[in-house]
Colleague: 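Here's a structure for you.
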Amino acid sequence: MKFILSEEQMLFRHTVREFLEKECTPEIARSGFNRERWAQLAQLGAVGLAAPADEGGLGLGEVDLVLLLEEAGRAALPDPLIETSMVAIPLLREAEANDLLLEAADGDVVMSVGLAGSRYVTYATDADVLLLQLGGAMFALQRDDVKLQLMPSIDMARPVFRVEWLSEAGTKIGEGADLVEAAFDRAVLGAAAQLLGIAQRCVEMAADYAKERHQFGKPIGSFQAIKHKLADALLMVEFARPVVYRAAASIAEVSHHRERDVSMAKVYAGRAAKRATRAALQTLGAIGYTQEHDLHIWMKRSWSLEAAWGTSDFHRDRIADEVMG
Amino acid sequence: MDLNFTPEEEAFRVKARAWLEGNAPAPMESMDTPDGFEQHRDWEEHLYEHGWAAVSWPREFGGRDATLIEWLIFEEEYYRVGAPRRLNQNGLFLLGPVLLEYGTKEQKERYLPKIVSAEEIWCQGWSEPNAGSDLASLTSKATRDGDEWVLTGQKTWCSRGVYADWMFGLFRSDPSSERHKGLSYILVPLESPGVTVRPIAQIDGEPGFAEVFLDNVRVPVANTLGPEGEGWQIAMSTAGFERGVALRSPGRFMASADRLVSSYMAREHLVSPSLRNDVINSWMEVEAYRLYTFWSVSRKLAGGTIGAEASLNKVWWSEMDVRLHDTALRLLGEDATLPLGDEHWLDGFLFSLAGPIYAGTNEIQRNIIAERVLGLPRS
Ligand SMILES: Cc1cc2nc3c(=O)[nH]c(=O)nc-3n(C[C@H](O)[C@H](O)[C@H](O)COP(=O)(O)OP(=O)(O)OC[C@H]3O[C@@H](n4cnc5c(N)ncnc54)[C@H](O)[C@@H]3O)c2cc1C
């Protein structure tokens with residue numbers, strides 16, 4: 001038992017954080033996907049993290065992916081990292097679809113995924129290739145092979161689409177329950193990791209504000225009602241973190257508790273994000289209820305990710321089914 | 001990152017499990033009753049004779065040199081078989097680690113073996129009638145007279161103080177000092193002339209608390225643990241440990257969570273379906289506590305420290321425990337407040353309610369988290 005991050009993992013996280021602090025400021029986070037930044041992310045190794053080293057990747061594992069996505073959540077990065085790095089690339093690797101894998105890892109081909117567990121496809125017009133599930137199989141489709149309808153959403157930097165499959169077009173890249181279920185669980189873990197990063201960022205944002213903002217002649221952070229609210233939010237964040245990392249290990253090790261552990265990651269990260277965003281809004285007061293302040297970006301991302309890839313209620317039931325099964 | 005136990009750790013578990021399964025006693029009376037006390041002491045002696053009383057202590061003092069991970073494994077196995085609460089937990093988990101860190105060679109040799117063998121039972125004498133959360137306002141005094149301390153004052157809420165042989169306490173040894181300065185950490189034999197112990201019945205009716213009055217009690221200066229006047233720093237190292245994993249390892253909560261799940265499953269068709277969510281929420285909270293513990297203990301083993309994070313830990317386990325027992329009682333419906341049958345949740349429920357109060361109230365913990373982890377200004 002050695003439940004710690006390695007030096008390399010901490011260094012990698014640090015590198016990603018520095019990059020995103022520069023390249024994904026809150027201004028940029030509002031504006032949506034951008035190909036130039038995607039190319040830079042690919043150069044950093046972030047996109048093809050999980051691709052084998054001889055397929056343009058870094059050959060790294062789920063824990064590294066989780067760290068990457070946690071940082072993406074922290075920065076509210078509006079790019080399809082869950083879709084491409086977390087789901088598509090491991091799926092292409094499993095299916096030995098090597099040409100597509102190489103292009104995706106290089107950042108040349110942006111990918112998105114549509115799985116049976118989800119009604120919508122995110123970033124569909126930004127993606128070059130969509131991996132869609134039909135029955136128990138996964139197909140690769142070009143954008144022209146489908147009809148896309150952009151849905152109205154409160155989180156427009158993470159656009160969601162309804163997808164209609166036009167013809168018999170598309171290449172089957174693999175099939176089987178193992179393949180599609182693993183893809184779904186990866187997406188869930190990716191959302192959990194981002195929610196964790198969002199929660200962390202909101203606690204920090206609120207604590208910083210509470211030190212600066214004065215009322216009654218004192219920083220509002222000296223009032224116990226504010227202190228305890230933020231302490232509770234931090235508690236949720238700190239206890240969600242090992243839950244999320246453990247889920248990464250369960251995927252990496254093909255644990256027979258994978259579904260349970262991944263679901264628990266989504267429930268816990270979702271709970272931390274909810275607690276942290278609410279605490280942050282209350283701490284900021286009216287300014288937090290505007291679009292002039294940045295908080296709403298993280299709040300909205302937390303809502304859209306909570307709703308994506310199975311809500312907390314869905315996942316709680318999945319856990320109960322295993323624990324009480 | 002490796003969440004699997006090593007072969008050595010697995011072997012340790014197998015050994016601990018085999019011994020515990022062969023030796024765990026039948027349920028006992030409350031340790032706060034005279035009979036229950038003797039039953040618990042016999043069990044402690046038995047643990048000691050077989051080397052299981054304090055697995056993480058050095059061998060020379062009756063331990064097994066087990067790693068912290070192995071200690072956590074032992075705790076899981078211990079509570080899995082439903083073994084009794086630890087009679088000498090103040091000595092084993094609070095004083096012991098402090099003696100190991102700050103004690104002189106003589107002190108270690110004098111006290112540790114009798115803690116581990118349960119020959120001497122310890123209580124903690126920190127709180128006073130007017131010093132609870134604001135512990136640094138305590139007024140019990142230690143006045144120097146040659147190579148003796150003369151102790152006067154009153155301690156209260158001492159758990160197991162009624163049956164204890166010794167008390168480790170905090171005393172103001174420098175009369176001109178204030179607050180956290182000038183306190184000394186002193187070990188007091190409760191048989192000393194001038195000590196009066198008055199039992200106080202806890203909520204369950206048993207004398208789980210004691211008030212300890214000290215009227216010119218003489219103890220050797222050699223009974224001071226750590227440097228004179230630095231008792232606060234030393235006491236806080238115990239406090240950190242108490243809030244952290246030492247007092248409440250995940251094992252006992254895991255056993256409760258398993259019991260809760262079985263209890264629910266046995267009644268699933270009799271109770272409201274809304275209980276299912278509460279049961280699974282409790283199961284998850286315990287699982288998260290287990291993971292958080294391995295996460296923080298691994299960091300400590302890799303050379304890190306557990307600082308103010310111990311406060312996060314304390315808030316979590318204590319509030320989780322209350323919710324878990326609350327759910328358990330709801331499963332029992334009308335029988336909740338009647339200690340009937342073989343479902344014993346009521347004692348655990350009562351005990352859980354104290355968790356947010358002792359070892360530093362949860363309000364104080366939240367202040368610590370906000371100020372020391374988040375850096376918010378003091379009030
Ligand atoms: C079961 C049990 C066992 C115990 N065992 C021992 C023992 O063995 N030895 C020992 O020395 N003590 C023991 N204690 C005592 C325990 O340490 C104290 O109860 C605790 O420190 C709180 O002190 P108090 O009870 O005087 O409450 P108070 O300090 O009077 O607090 C009352 C309420 O006010 C709140 N409050 C106080 N200050 C603040 C603040 N600054 N901000 C916000 N809220 C505040 C508290 O959180 C609490 O809710 C035990 C207590 C219990 C319940």
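Numbers restart at 1 for each chain; the letters A, B, ... are given by sequence-line order, proteins then strands.
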Colleague: How long is the span from the NZ atom in Lys300(B) to the CD1 atom in Ile4(A), to the nearest 0.5 Å?
Modeller: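 Atom-to-atom, Lys300(B):NZ and Ile4(A):CD1 are 14.0 Å apart.
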Colleague: Can you tell me if CG on Asn130(B) sees more than 12 non-hydrogen neighbours from other groups inside 6.0 Å?
Modeller: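 Result for CG/Asn130(B): open.
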Colleague: Could you report the tightest heavy-atom contact between Leu374(B) and Lys211(A), atom names first, then the distance?
Modeller: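 Result for this residue pair: O-NZ, 3.1 Å.
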Colleague: Take atom CG in Asp2(B); do more than 12 heavy atoms of anything else shown fall under 6.0 Å from it?
Modeller: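 Yes - once you tally the heavy atoms of other residues, nucleotides and ligands closer than 6.0 Å, there are more than 12.
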Colleague: Taking all atoms of both residues into account, what is the closest heavy-atom pair of Gly221(A) and Leu376(B), and its distance?
Modeller: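 Answer, listing the atom of Gly221(A) first, then Leu376(B): O-CB, 3.6 Å.
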Colleague: Under the side chain to side chain contact (heavy atoms under 4.5 Å, CB included) test against Phe3(A), which residue among Thr293(B), Leu3(B), Val297(B) passes?
Modeller: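 That would be Leu3(B); it is the only one of Thr293(B), Leu3(B), Val297(B) passing the side chain to side chain contact (heavy atoms under 4.5 Å, CB included) with Phe3(A).
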Colleague: Is the count of non-hydrogen atoms from other residues, nucleotides or ligands lying under 6.0 Å from Glu21(A) atom CD greater than 12?
Modeller: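 It does: Glu21(A) CD has more than 12 such atoms within range.
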Colleague: In terms of the angle between their ring planes, are Tyr245(A) and Trp295(B) parallel, tilted or perpendicular, with boundaries placed at 30° and 60°?
Modeller: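 Aromatic pair Tyr245(A)/Trp295(B) classed perpendicular.
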Colleague: Name the option with the most non-hydrogen atom pairs under 4.5 Å to chain B; the candidates are Gln9(A), Lys218(A), Arg246(A).
Modeller: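 Of the candidates given, the most pairs with chain B belong to Arg246(A).
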Colleague: Heavy-atom distance under 4.5 Å to chain A: side chain of Glu363(B), backbone, both or neither?
Modeller: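 Looking at Glu363(B), backbone and side chain both touch chain A.
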Colleague: Quick one: closest heavy-atom pair of Pro377(B) and Pro219(A), and the distance?
Modeller: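 Residues Pro377(B) and Pro219(A), closest heavy atoms: CG-CG, 3.7 Å.
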Colleague: Please determine, among Asp232(A), Val63(A), Asp317(A), the option with the most heavy-atom pairs under 4.5 Å with chain B.
Modeller: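 Counting heavy-atom pairs under 4.5 Å, the top option is Asp232(A).
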Colleague: Go through Ile69(B), Leu312(B), Val373(B), Val315(B) and name the one with the most non-hydrogen pairs under 4.5 angstrom from chain A.
Modeller: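 Going by pairs under 4.5 Å, I would pick Leu312(B).
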Colleague: Is there side-chain contact between Met1(A) and Glu9(B), with at least one heavy-atom pair below 4.5 Å?
Modeller: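 With C-beta onward as the side chain, the pair touches.
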Colleague: Given a strict heavy-atom distance threshold of 4.5 Å, which part of Met265(B) is in contact with chain A: side chain, backbone, both, or neither?
Modeller: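 Side chain only.
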Colleague: For the atom pair CG (Leu235(A)) and NZ (Lys314(B)), what is the distance rounded to the nearest 0.5 Å?
Modeller: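 Reported value, rounded in 0.5 Å steps: 12.5 Å.
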Colleague: When rounded to the nearest 0.5 angstrom, what is the spacing between CG in Leu234(A) and CZ in Arg366(B)?
Modeller: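 Answer rounded to 0.5 Å: 11.5 Å.
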Colleague: Within this structure, what is the CD-CD1 distance for the pair Glu322(A) and Ile280(B), rounded to the nearest 0.5 Å?
Modeller: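 One finds 9.5 Å between CD of Glu322(A) and CD1 of Ile280(B).
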Colleague: Would you say Arg271(A) and Met284(B) make side-chain contact, with heavy atoms under 4.5 Å?
Modeller: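 In short, these two side chains do not touch, never coming nearer than 4.5 Å.
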Colleague: What part of Glu285(B) gets closer than 4.5 Å to chain A, counting heavy atoms only: side chain, backbone, both or neither?
Modeller: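 Glu285(B) touches chain A through backbone and side-chain heavy atoms alike.
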Colleague: Below 4.5 Å, heavy atoms only, C-beta onward: do Lys227(A) and Glu371(B) meet side chain to side chain?
Modeller: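 Side-chain contact under 4.5 Å: yes.
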Colleague: Are there over 12 heavy-atom neighbours, none belonging to His214(A), within less than 6.0 Å of that residue's NE2?
Modeller: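 Correct, the count exceeds 12.
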Colleague: If the threshold is 4.0 Å, N to carboxylate O, is there a salt bridge linking Asp321(A) and Arg276(B)?
Modeller: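 Result for this pair is yes, salt bridge flagged.
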Colleague: Considering residues, nucleotides and ligands other than Tyr289(A), do more than 12 of their heavy atoms fall under 6.0 Å from its OH?
Modeller: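 Counting neighbours around OH of Tyr289(A), 12 or fewer heavy atoms of other residues, nucleotides or ligands fall under 6.0 Å, so no.
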Colleague: Output the option from Ser296(B), Ala370(B), Gly304(B), Ala302(B) having the highest count of non-hydrogen pairs under 4.5 Å with chain A.
Modeller: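 That would be Ala370(B).
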Colleague: Work out which heavy atom in Trp283(B) is nearest to a heavy atom in Ile319(A); give both atom names and the distance.
Modeller: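 In terms of heavy atoms, the two residues are closest at CZ3-CG2, 4.0 Å.
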Colleague: Between Ile220(A), Ile226(A), Val323(A), who has the most heavy-atom pairs with chain B when the cutoff is under 4.5 Å?
Modeller: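 With the most close heavy-atom pairs to chain B, the winner is Val323(A).
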Colleague: Between Arg260(A), His228(A), Lys2(A), Lys229(A), which has the largest tally of heavy atom pairs under 4.5 Å with chain B?
Modeller: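 Heavy-atom pair counts peak at His228(A).
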Colleague: Could you tell me which portion of Gln224(A) (side chain, backbone, both or neither) has an atom closer than 4.5 angstrom to a non-hydrogen atom of chain B?
Modeller: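 For Gln224(A), the contact with chain B is made by the side chain alone.
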Colleague: Side chains of Asn281(B) and Arg316(A), heavy atoms from C-beta outward: is any pair under 4.5 Å?
Modeller: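 The answer is yes, as the side chains (C-beta and beyond) meet within the 4.5 Å cut-off.
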Colleague: Do any side-chain atoms of residues 187-207 of chain A form donor-acceptor pairs under 3.5 angstrom with protein atoms, and if so which ones, sequence neighbours left out?
Modeller:
| from | atom 1 | to | atom 2 | distance (Å) |
| --- | --- | --- | --- | --- |
| Gln200(A) | OE1 | Arg241(A) | NH2 | 2.7 |
| Gln200(A) | NE2 | Glu204(A) | OE2 | 2.8 |
| Arg201(A) | NH1 | Arg74(A) | O | 2.8 |
| Glu204(A) | OE1 | Arg74(A) | NH2 | 2.6 |

Colleague: Heavy-atom cut-off 4.5 Å, strictly under: side chain, backbone, both or neither for Ala288(B) against chain A?
Modeller: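 Looking at Ala288(B), backbone and side chain both touch chain A.
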